[in-house]
Amino acid sequence: MPKKSIDPKEVEDFLILNPDFLSANSHILNSIEIVHETGGAVSLIQKQVEMLRKNYDSTSSNLLQLLKIAKTNEGIFEKTKSLILELIICRNLNDVILITEKKFIEEFKADACKVLFFKDNTNLPKGRILDAKAAHKMIGKKYNAGEIFCGPLNKRESGYIFDKKDKIIDSVLVPIKNTECPGMLAIGSRIEDTYSKENDSLFLEFVAETLSKLIDRNNL
């Protein structure tokens, strides 16, 4: 008499309705084989162990990545705090600009930093004024007054914003949104893909906002 075939759905329904069946009959687990990715076969228990190990490795990797990001953000916060505390005791815009540029090079390890403006102001140091029309023609496609730009600069753009000798190829350009004296905080690197808008924009926006407030204070 031929054996009656068992419907896999019936087996599935039985196991769902009897969740303690396999634990009560643990000897069955080792006899159940599952095809492995390599083409061989492993027991159900081995497969579960493998899945748990993969989940553990994935979780550990994610946790380490989060800890790395947290440590990086903590370092950025401390450097930003130090910069702001120095800026708020400055007595004039010349000191504000020079300290900002110095801090980004020394503390944030930028290869170059320039605080530039698009409107003349007697309180600004020399060499920090860009003609608005000329600037728009030169870097208008990569910079606007509304949002941060992160990315590469060609030699012509780099030489216009920074000193040619700096040989900057990657940059972040942050608008200083000030009605009376609009400008930008330009930070440069000699290494490709140094800056990321996702990672750098929040604290840079805060620094630019602080600079705008200090401009207002020193123009009173």
Side-chain angles (χ1 to χ4, degrees), residues 72-73 76 79-80 83-84 86-88 90 92-220:
T72 299
N73 287 340
I76 291 174
K79 293 173 184 177
T80 303
L83 169 62
I84 299 303
E86 286 200 38
L87 290 180
I88 60 178
C90 289
N92 55 64
L93 279 182
N94 185 74
D95 288 346
V96 168
I97 293 167
L98 294 180
I99 287 176
T100 298
E101 294 173 346
K102 180 181 177 182
K103 278 283 190 176
F104 270 98
I105 292 171
E106 294 182 355
E107 299 295 330
F108 292 91
K109 307 305 178 184
D111 290 319
C113 179
K114 284 286 187 71
V115 181
L116 302 167
F117 298 90
F118 304 109
K119 188 175 181 180
D120 201 356
N121 185 303
T122 56
N123 294 322
L124 297 176
K126 294 181 179 180
R128 298 299 189 279
I129 310 297
L130 297 178
D131 179 78
K133 290 183 178 179
H136 183 268
K137 184 177 180 179
M138 184 70 70
I139 58 173
K141 292 181 179 180
K142 294 186 176 179
Y143 175 82
N144 63 59
E147 60 182 40
I148 291 177
F149 167 81
C150 283
L153 297 175
N154 60 41
K155 288 184 179 181
R156 187 163 173 260
E157 295 164 339
S158 176
Y160 181 75
I161 298 172
F162 304 100
D163 293 332
K164 290 183 179 180
K165 64 181 181 179
D166 290 327
K167 298 180 179 179
I168 298 303
I169 61 174
D170 195 62
S171 69
V172 53
L173 309 178
V174 191
I176 299 174
K177 301 173 184 178
N178 186 278
T179 304
E180 296 300 320
C181 197
M184 73 173 175
L185 170 63
I187 305 164
S189 173
R190 300 186 188 100
I191 302 173
E192 292 182 358
D193 302 321
T194 298
Y195 301 110
S196 165
K197 189 173 182 178
E198 289 74 19
N199 295 335
D200 301 316
S201 62
L202 187 61
F203 92 94
L204 289 175
E205 286 176 354
F206 176 64
V207 172
E209 185 176 350
T210 301
L211 291 174
S212 179
K213 298 296 183 184
L214 291 172
I215 291 169
D216 289 336
R217 186 184 73 180
N218 284 276
N219 280 334
L220 293 176

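Quick caveat: nothing in here was measured; it's all calculated off a predicted structure.
Closest approach of Thr100 to Val96, counting heavy atoms only: OG1-O, 2.7 Å. Minimum interatomic distance between Ala110 and Tyr195 (heavy atoms only, all atoms of both residues): CB-OH, 3.8 Å. Smallest separation of non-hydrogen atoms from Gly183 and Tyr143: O-OH, 3.0 Å. The two atoms that bring Ser212 and Lys177 nearest to each other are OG-O, 3.1 Å, heavy atoms only. Considering all non-hydrogen atoms of both residues, Cys90 and Ile99 come closest at SG-CD1, 3.5 Å. Residue Ala186 comes nearest to Leu173 through the heavy atom pair CB-CD2, 3.7 Å, listed as atom of the first residue, atom of the second, then distance.
Using a 4.5 Å heavy-atom cutoff, the side chains of Pro175 and Phe149 are not in contact. Under the 4.5 Å side-chain criterion, counting only non-hydrogen atoms from C-beta, Val172 is in contact with Cys150. Side chains of Met184 and Ile161 form a contact here, defined as non-hydrogen atoms less than 4.5 Å apart. You'll find the side chain of Asp166 stays beyond 4.5 Å of the side chain of Asp111, heavy atoms only. At least one side-chain heavy atom of Leu185 sits under 4.5 Å from a side-chain heavy atom of Val207. The shortest distance between side-chain heavy atoms of Lys142 and Leu153 falls below 4.5 Å. The shortest side-chain heavy-atom distance between Ile187 and Leu204 falls under the 4.5 Å cut-off. Side chains of Phe117 and Pro182 form no contact here, defined as non-hydrogen atoms less than 4.5 Å apart.
From His136, atom NE2 reaches atom CG of Asn144 across 9.0 Å, with rounding to the nearest 0.5 Å. In this structure, the separation between NZ on Lys213 and CD on Glu209 is 6.0 Å, given to the nearest 0.5 Å. Atoms CG and CG, from Leu211 and Leu87 in turn, are 6.0 Å apart once rounded to the nearest 0.5 Å. A distance of 7.5 Å separates SG in Cys181 from NZ in Lys119, rounded to the nearest 0.5 Å.
Note on Lys114 versus Asp163: salt bridge recorded, some NZ/NE/NH1/NH2 to OD/OE distance being below 4.0 Å.
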Practice prompt. Start with the C-alpha gap between Phe206 and Ile84, add the side-chain angles, then the distance that decides, and say whether side chain to side chain contact (heavy atoms under 4.5 Å, CB included) holds.
Written response: CA-CA 10 Å; Phe206 176 64; Ile84 299 303; 3.8 Å; yes
**Prompt:** Taking it one step at a time, do Ile169 and Ile191 satisfy side chain to side chain contact (heavy atoms under 4.5 Å, CB included)?
**Reply:** CA-CA 7 Å; Ile169 61 174; Ile191 302 173; 5.8 Å; no
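Listed by first and then second residue, the ring-ring contact (aromatic ring centres under 6.0 Å, His included) pairs that reach into residues 92-115 are Phe104-Phe108, Phe108-Phe203, sequence neighbours excluded. Note on residues 92-110: pairs passing salt bridge (charged side-chain N to carboxylate O under 4.0 Å, His left out), not counting sequence neighbours, are Glu86-Lys103, Glu101-Arg128.
Not a single donor-acceptor pair under 3.5 Å links the side chain of Ser158 to the backbone N or O of Asn154. Here the side chain of Arg217 pairs a donor or acceptor atom with the backbone of Ile88 at under 3.5 angstrom.
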